[in-house]
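Input: a single structure, listed below in structure tokens.
Just so we're on the same page: letters track the sequence lines, and every chain starts at 1. Values reported hereafter were calculated over all heavy atoms of this structure, with side chains retained and with hydrogens, waters and symmetry mates removed.
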2 protein chains.
Amino acid sequence: MSLPHAILTALLEKPSSGLELTRRFDKSIAYFWSATHQQIYRELGRLEAEGLIRALPSEQPARGQKREYEVLPAGRDELARWTAASQDPKPLRDVTLLRLRAAAVVGTAGLETDLRRHRELHARQLATYLEIEQRDFPPGKDGPQDRLRHLVLRAGIDLETFWTQWLDHALSEFAHLPDTDGTGRPGAGED
Amino acid sequence: MSLPHAILTALLEKPSSGLELTRRFDKSIAYFWSATHQQIYRELGRLEAEGLIRALPSEQPARGQKREYEVLPAGRDELARWTAASQDPKPLRDVTLLRLRAAAVVGTAGLETDLRRHRELHARQLATYLEIEQRDFPPGKDGPQDRLRHLVLRAGIDLETFWTQWLDHALSEFAHLPDTDGTGRPGAGED
DNA sequence: CAGCTTTGTGCAACTAGTTGCACAAGCGTG
DNA sequence: CACGCTTGTGCAACTAGTTGCACAAAGCTG
């Protein structure tokens with residue numbers, strides 16, 4: 001239940017049309033919350049129906065015609081309520097870790113190449129984040145809002161750093177692992 | 001599309017009934033892939049229908065009667081195929097980061113308490129993982145399977161470490177932040 | 001001005017995960 | 001033996017996200 005709140009945040013930062021929102025999601029918000037344009041349009045409809053946002057009055061509203069939205073007071077209230085409300089962190093769910101665990105049972109054949117690719121993707125993402133950090137958070141810029149946003153970006157940077165390092169570690173393990181081929185029997189118990 | 005493969009892995013490690021699987025998920029697999037018993041039963045049905053697993057022949061199959069499953073060769077093949085297949089890492093999606101970004105716009109009121117709670121939850125999870133590490137991976141135990149499983153646990157440990165530290169950092173920022181109350185206007189642009 | 005690309009909005013169908021509940025068998029206890 | 005608790009299996013309805021596609025207007029290009 002977070003997409004509507006992501007949209008409210010983005011619209012408060014700047015009123016936008018659906019496509020503009022989509023682009024801003026791709027470019028900045030996707031670092032911690034990704035969404036497709038279909039999801040965004042659907043959600044804009046719902047938010048408008050609930051009276052949390054409204055379309056800026058413009059010429060004639062028609063299909064294929066731009067519609068800009070802005071947040072209404074009720075929307076801001078809802079966002080503030082949601083931000084302050086207690087929420088449980090949801091458990092990790094990571095396919096790569098699962099694949100590694102599976103590899104312990106059926107063998108590591110073929111896995112290494114893809115892990116290497118992941119390592120590069122994470123390294124590239126990290127580089128992108130570091131550029132953004134340099135550009136958007138120069139030494140002087142440290143108002144309250146900047147500090148909070150910087151904190152969020154920092155999480156992204158540190159997570160990508162973690163994954164690159166962890167994958168390096170994993171790959172180096174692979175290097176001196178006997179090349180299991182899928183016939184290995186489970187030896188030890190588990191938990 | 002990973003739950004079936006998580007189940008195949010678990011069943012290869014040890015043939016089990018639905019409830020046993022559920023418990024093993026809670027206790028060990030949930031560290032990187034959580035699932036409810038309803039999901040597991042549904043998936044067991046599908047896997048059986050597809051011929052990847054089968055119920056061990058037992059007394060009379062009836063409702064409320066235990067059914068143990070084991071993986072068939074086709075199931076092992078499918079798991080090996082899936083493990084080796086290339087998959088894109090999916091983008092981060094984290095509610096806490098979103099809340100912080102929202103707080104930059106509507107104010108941080110009420111957020112601190114919950115972040116403090118998160119910090120404790122992550123610290124506790126970390127402690128649990130460290131116990132498991134001590135118990136299951138003593139210095140001697142380093143066969144190929146152990147190394148891979150240890151690697152997975154290590155990811156869990158390092159991620160929990162990261163979150164505890166990051167939350168500490170966030171909370172210390174909060175300490176010398178003017179106590180915004182939700183009326184703060186957005187000052188800077190974004191991207 | 002015909003045809004192509006870009007900008008913009010949106011529906012429909014599907015997949016995966018969550019929530020709530022039902023039902024059966026077995027076991028222990030007053 | 002009636003009652004409640006535990007073990008065990010499972011359906012139904014819902015929510016959130018993904019995928020594929022349709023359609024309209026505006027601008028550009030030969």
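Between Lys90(B) atom NZ and dG17(D) atom C1' there is a gap of 9 Å when expressed in whole angstrom units. With rounding to whole Å, Asp88(A) atom CG is found 14 Å from dT18(C) atom C1'. Spacing between atom CZ of Phe25(B) and atom P of dT9(D) amounts to 14 Å, rounded to whole angstrom units. As a whole-Å value, the separation of Asp26(A) CG from dG8(C) P is 14 Å. Separating the CE atom of Met1(A) from the C1' atom of dT19(C) is a distance of 15 Å, rounded to the nearest angstrom. Taking atom NE2 on His5(B) and atom P on dG17(C), their separation rounds to 12 Å, with Å as the unit. The distance from atom CZ of Arg67(B) to atom P of dG10(D) is 6 Å, rounded to the nearest whole Å.
Residue Arg93(B) has no polar side-chain atom (N or O) positioned under 4.0 Å from OP1 or OP2 of dA16(D).
Partner of Ser16(A) under the side chain to side chain donor-acceptor pair (under 3.5 Å) criterion, out of Glu68(A), Arg24(A), Lys66(A), Arg67(A): Arg24(A) alone.
Counting only residues at least two apart or on different chains, the ring-ring contact (aromatic ring centres under 6.0 Å, His included) pairs with a member in residues 79-110 of chain B are His5(B)-Trp82(B). Among residue pairs with one or both ends in residues 150-159 of chain B, those qualifying as salt bridge (charged side-chain N to carboxylate O under 4.0 Å, His left out) are Glu133(B)-Arg154(B), Arg154(B)-Asp158(B); sequence neighbours excluded. Judged as a ring-ring contact (aromatic ring centres under 6.0 Å, His included), the pairs with a partner in residues 136-155 of chain A (not counting sequence neighbours) are, in order, Phe137(A)-His150(A).
In this structure, Ser17(B) and Trp33(A) both approach DNA chain D, and ranking their closest nucleotides by distance from the 5' end singles out Ser17(B).
Residues satisfying the ring-ring contact (aromatic ring centres under 6.0 Å, His included) criterion with Phe25(B), sequence neighbours excluded, are absent altogether. Not a single salt bridge (Lys or Arg N to Asp or Glu O under 4.0 Å) links Arg124(B) to another residue, sequence neighbours left out.
Aromatic ring orientation, Trp163(A) versus Trp166(A): perpendicular (interplanar angle above 60°, classes split at 30° and 60°).
At a non-hydrogen distance threshold of 4.0 Å, His37(A), Gln38(A), Tyr41(A), Arg42(A) from residues 36-50 of chain A come into contact with DNA chain C.
The side chain of Leu19(A) approaches dT7(C) more closely than any other nucleotide in the set dT7(C), dG10(D), dT7(D). Side chain of Lys66(A), nearest nucleotide from dT7(D), dT9(C), dA16(C): dT9(C).
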